[in-house]
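What follows is a short report on a single structure.
By convention here, the first residue in the shown sequence is residue 1. As a basis for the values below, the full set of heavy atoms in this structure was taken, side chains included, without hydrogen atoms, waters or symmetry mates. All figures in this text were calculated on a predicted structure; none of them were measured in a lab.
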Amino acid sequence: MAADRRIVIENCAIATVDAHDTEHASGHVVIAGNRIEAVGAGRAPEGLENVARRIDATGHLVTPGLINTHHHFYQWITRGLATDHNLFDWLVALYPTWARIDEPMVRAAAQGSLAMMARGGVTTAMDHHYVFPHGSGDLSGAIIGAARDMGVRFTLARGSMDRSEKDGGLPPDFAVETLEGALTATEETVRQHHDASFDAMTQVAVAPCSPFSVSTELLRQGAELARRLGVRLHTHGSETVEEEKFCHELFGMGPTDYFESTGWLGEDVWMAHCVHMNDSDIDAFARTKTGVAHCPSSNARLAAGIARVPDMLTAGVPVGLGVDGTASNESGELHTELRNALLINRLGAHREAALNARQALRLGTHGGARVLGRAAEIGSLEPGKLADLVLWKLDTLAHASIADSVTALVFGAAAPVTASFVNGRQIVEDGRLLTADEDAIARATREEARRLARIAAQG
């Protein structure tokens with residue numbers, strides 16, 4: 001939409017998730033071009049010029065768009081497998097299949113993952129892709145293209161693995177890259193696709209997979225590469241007790257100390273899971289402003305444990321939410337993670353004081369923006385920020401008797417999305433994508449899942 005054209009949204013409850021948690025029981029949002037121009041109580045100002053559209057949002061809650069901070073899109077075509085495994089056994093069971101993915105499979109899986117998130121209120125997605133079989137095609141380009149076509153703001157965490165079974169790692173030998181190959185390909189991806197501008201739709205991070213699938217040198221040189229190029233760093237950390245044991249056996253220290261020794265703590269770093277963190281680990285993350293992608297459903301699916309999110313937040317650690325790969329969170333939806341984050345953390349030491357509804361919403365919006373390094377641009381509804389926002393319908397049977405709209409969104413059933421805007425462009429209307437054919441994506445993902453299963457069965 002042209003910069004001087006406006007969309008006016010009125011008569012809605014608003015949760016801005018700004019620094020003061022400002023809310024309006026009935027208010028307005030004005031979008032001008034790709035920016036939020038005004039947010040406030042009551043009706044929009046009179047006399048606005050060039051109003052292209054007015055939306056009567058009675059019965060709705062408007063929030064910032066949800067921000068996903070950890071995912072593996074390719075896993076969309078291996079959902080429902082190894083359902084009773086812990087992390088290491090699950091990886092061993094699935095790596096031989098994942099190592100046979102190719103560009104058409106990855107494109108279809110990315111479309112499926114993005115579609116499911118977008119129709120559920122995600123406006124900024126990320127994908128940590130680390131499996132690059134030889135001769136599999138342009139996988140990074142396929143993923144970035146799928147996000148561009150969907151109209152979702154996107155960060156590709158260009159992953160890598162160079163520690164295979166023969167080196168004491170988990171991936172099959174034919175599923176990894178060389179140290180030099182991984183670094184070269186990662187740098188090429190950053191230079192080709194990363195956009196550092198305020199309203200960037202595509203950014204790239206450097207993302208070696210995990211301590212048990214990459215060499216120390218890949219971690220160290222990956223950190224140096226990211227900082228030379230001015231991009232962020234992402235990996236998995238402290239996910240399971242098995243990982244803790246693995247790091248002590250191989251490196252003589254726990255995961256956090258190992259990451260710090262390789263340059264992997266800092267305000268430009270975020271890590272997925274961080275389930276098994278002691279007080280010293282949390283202090284180190286807080287001191288360095290290292291971020292965390294909290295993935296409650298995946299952590300439960302793989303029996304990894306309960307992350308100490310309340311303690312992290314108290315210490316000042318940046319925390320966002322992640323879907324994680326859909327081979328360990330088959331629903332693939334981030335809005336359900338608001339509820340799961342709240343409920344699962346109440347099973348921990350802090351019980352009912354662990355998280356409340358507004359803290360859960362903040363994790364999924366502003367917290368995610370901090371983790372991705374984009375809190376100045378997205379994550380809250382404030383004038384001057386990018387127009388990424390969602391209208392949640394809360395006047396139906398599922399929510400109408402809950403007086404507080406934020407409570408209804410977080411504690412209640414998954415709320416329908418009436419409209420979702422990214423960069424000022426509407427991408428969802430009445431729960432359906434405007435930018436893609438959901439039925440065609442469903443067919444393509446089913447076909448590619450079956451093709452991958454046949455290839456894997458042939459060995």
- Message: Tell me if the centroids of the rings in His72 and His236 come within less than 6.0 Å of each other.
- Response: yes
- Message: Is it the case that the side chain of Asp173 and the backbone of Lys166 share a donor-acceptor pair, with hydrogens and angles ignored and the cut-off at 3.5 Å?
- Response: yes
- Looking at CG of Leu313 and CD of Gln359, how far apart are the two atoms once the value is rounded to the nearest 0.5 Å? 6.5 Å
- Note on the structure: Thr445 meets the side chain to side chain donor-acceptor pair (under 3.5 Å) criterion, sequence neighbours left out, with none
- Note on the structure: Here the gap from Glu224 atom CD to Leu219 atom CG, rounded to the nearest 0.5 Å, amounts to 11.0 Å
- Query: Are any non-hydrogen side-chain atoms of His60 and Lys393 less than 4.5 angstrom apart?
  - Reply: yes
- Item | Arg228 atom CZ, over 12 foreign heavy atoms within 6.0 Å | yes
- Message: Does the structure place the NZ or CZ of Arg100 under 6.0 Å from the centre of the six-membered ring of Trp98, at an angle of no more than 45° from the ring's axis?
- Response: no
- Query: Is there a donor-acceptor pair closer than 3.5 Å between any side-chain N or O of Glu103 and the backbone N or O of Gly137?
  - Reply: no
- Message: Are Val390 and Val62 packed together at the side-chain level, in the sense that at least one heavy-atom pair is separated by less than 4.5 angstrom?
- Response: no
- Message: I need the minimum non-hydrogen distance between Leu61 and Ser405, along with the two atoms involved.
- Response: CD1-OG, 3.6 Å
- Task: Answer yes or no: is there a donor N or O on one side and an acceptor on the other, between the side chain of Thr16 and the main chain of Thr22, under 3.5 Å?
- Result: yes
- Note on the structure: In Phe259, Phe212, Tyr258, the residue satisfying ring-ring contact (aromatic ring centres under 6.0 Å, His included) with Phe251 is Tyr258
- Message: Run the side chain to side chain contact (heavy atoms under 4.5 Å, CB included) test on Thr290 and Trp270 for me, step by step, so that the C-alpha distance in whole Å, both residues' side-chain angles and the decisive distance to 0.1 Å come before the verdict.
- Response: CA-CA 6 Å; Thr290 303; Trp270 85 103; 5.9 Å; no
- Query: Distance-only, no hydrogens or angles: does the Arg374 side chain make a donor-acceptor pair with backbone N or O of Phe198 under 3.5 Å?
  - Reply: yes
- Query: Does a donor on one side chain and an acceptor on the other come within less than 3.5 Å for Asp281 and His276?
  - Reply: no
- Message: One thing to verify: whether Lys385 and Asp199 come together as a salt bridge, which I'm taking to mean a side-chain N less than 4.0 angstrom from a carboxylate O.
- Response: no
- Less than 4.5 Å apart, any side-chain heavy atom of Leu381 and any of Ile14? yes
Expected list for residues 108-119: side-chain donor-acceptor pairs under 3.5 angstrom, two or more places apart:
| residue | atom | partner | partner atom | Å |
| --- | --- | --- | --- | --- |
| Ser113 | OG | Phe73 | O | 3.2 |
| Ser113 | OG | Ala109 | O | 3.1 |
| Arg119 | NE | Glu438 | OE1 | 3.2 |

- Short question: side chain of Asn329, backbone of Val323 - any donor-acceptor pair under 3.5 Å? yes
- Task: Determine the minimum heavy-atom distance between Glu382 and Asp18, stating which atoms define it.
- Result: CD-CB, 3.8 Å
- Item | Expected output: side-chain His194 to main-chain Val204 donor-acceptor under 3.5 Å | yes
- Query: In terms of heavy-atom contacts, does CD of Glu267 have more than 12 from other residues, nucleotides or ligands at under 6.0 Å?
  - Reply: no
- Task: Start with the C-alpha gap between Asn86 and Thr240, add the side-chain angles, then the distance that decides, and say whether side chain to side chain contact (heavy atoms under 4.5 Å, CB included) holds.
- Result: CA-CA 9 Å; Asn86 65 27; Thr240 65; over 6 Å; no
- Item | Interatomic spacing from CE in Met150 to CD1 in Ile427 - rounded to 0.5 Å | 8.5 Å
- Message: Show, in sequence, the C-alpha distance, side-chain angles and deciding distance for Ile282 and Arg308, and conclude whether the side chain to side chain contact (heavy atoms under 4.5 Å, CB included) test is met.
- Response: CA-CA 9 Å; Ile282 291 175; Arg308 295 174 59 188; 3.7 Å; yes
- Query: To the nearest 0.5 Å, how far apart are CG in Asn340 and CD in Glu333?
  - Reply: 10.5 Å
- Run the ring-centre check on His85 versus Phe88 and record whether the distance is less than 6.0 Å. no
- Message: With heavy-atom distances below 4.5 Å as the criterion, would you say the side chains of His129 and Ser160 are in contact?
- Response: no
- Task: State the CG-OG1 distance between Leu265 and Thr288, to the nearest 0.5 angstrom.
- Result: 4.5 Å
- Is there a donor-acceptor contact under 3.5 Å linking the side chains of Asn345 and His350? no
- Message: Could you check whether Glu242 pairs with Lys245 (Lys NZ or Arg NE/NH1/NH2 to Asp/Glu carboxylate O, under 4.0 Å)?
- Response: no
- Item | Side chains of Thr186 and Thr189, donor plus acceptor under 3.5 Å | no
- Item | Under 3.5 Å: donor-acceptor pair, side chain of Arg232, backbone of Val371 | yes
- When the ring centroid of His70 is compared with that of His234, is the distance short of 6.0 Å? yes
- Task: Start with the C-alpha distance between Leu338 and Leu321, add both sets of side-chain angles, then the distance that settles side chain to side chain contact (heavy atoms under 4.5 Å, CB included), and finish with yes or no.
- Result: CA-CA 8 Å; Leu338 301 175; Leu321 291 181; 3.7 Å; yes
- State, to 0.1 Å, how close Gln203 and Ala196 come at their nearest heavy-atom pair, and which atoms those are. NE2-CA, 4.1 Å
- Say whether, by atom type as modelled, one donor and one acceptor occur between the side chain of Arg153 and the main chain of Thr124 under 3.5 angstrom. no
- Lys/Arg N to Asp/Glu carboxylate O, Arg220 vs Glu217, below 4.0 Å: yes
- Val190 side chain reached by Leu229 side chain, heavy atoms, under 4.5 Å: yes
- Query: Can you find a heavy atom in the side chain of Val275 that is under 4.5 Å from one in the side chain of Ile306?
  - Reply: no
- Query: Distance-only, no hydrogens or angles: does the Ser136 side chain make a donor-acceptor pair with backbone N or O of Phe132 under 3.5 Å?
  - Reply: no
- Taking the six-membered ring for Trp and the single ring otherwise, decide whether the centroids of His128 and Tyr130 are under 6.0 Å apart. yes
- Within the distance-only criterion (no hydrogens, no angle test), does the side chain of Thr235 pair as donor or acceptor with the backbone N or O of Cys209 below 3.5 angstrom? yes
- Task: Determine the minimum heavy-atom distance between Ala182 and Arg158, stating which atoms define it.
- Result: O-NH1, 4.2 Å
- Hey, does Ile77 have a side-chain heavy atom less than 4.5 Å from the side chain of Arg451? no
- Item | Sub-4.5 Å side-chain heavy-atom contact between Val17 and Leu361 | yes
- Nearest-0.5 Å distance, CG of residue Leu302 to CG of residue Leu91: 8.0 Å
- Message: Salt bridge or not between Arg358 and Asp21? Use side-chain N to carboxylate O under 4.0 Å.
- Response: no
- Could you pull out the closest heavy-atom pair between Ser328 and Ser298, with the gap in Å? OG-OG, 2.8 Å
- Kindly determine whether Ser215 and Asp162 satisfy side-chain hydrogen bond (donor to acceptor under 3.5 Å, both in side chains), including the steps that lead there. CA-CA 6 Å; Ser215 65; Asp162 70 337; 2.7 Å; yes
- Closest contact, heavy atoms only, Thr262 versus Ala223: O-CB, 4.0 Å
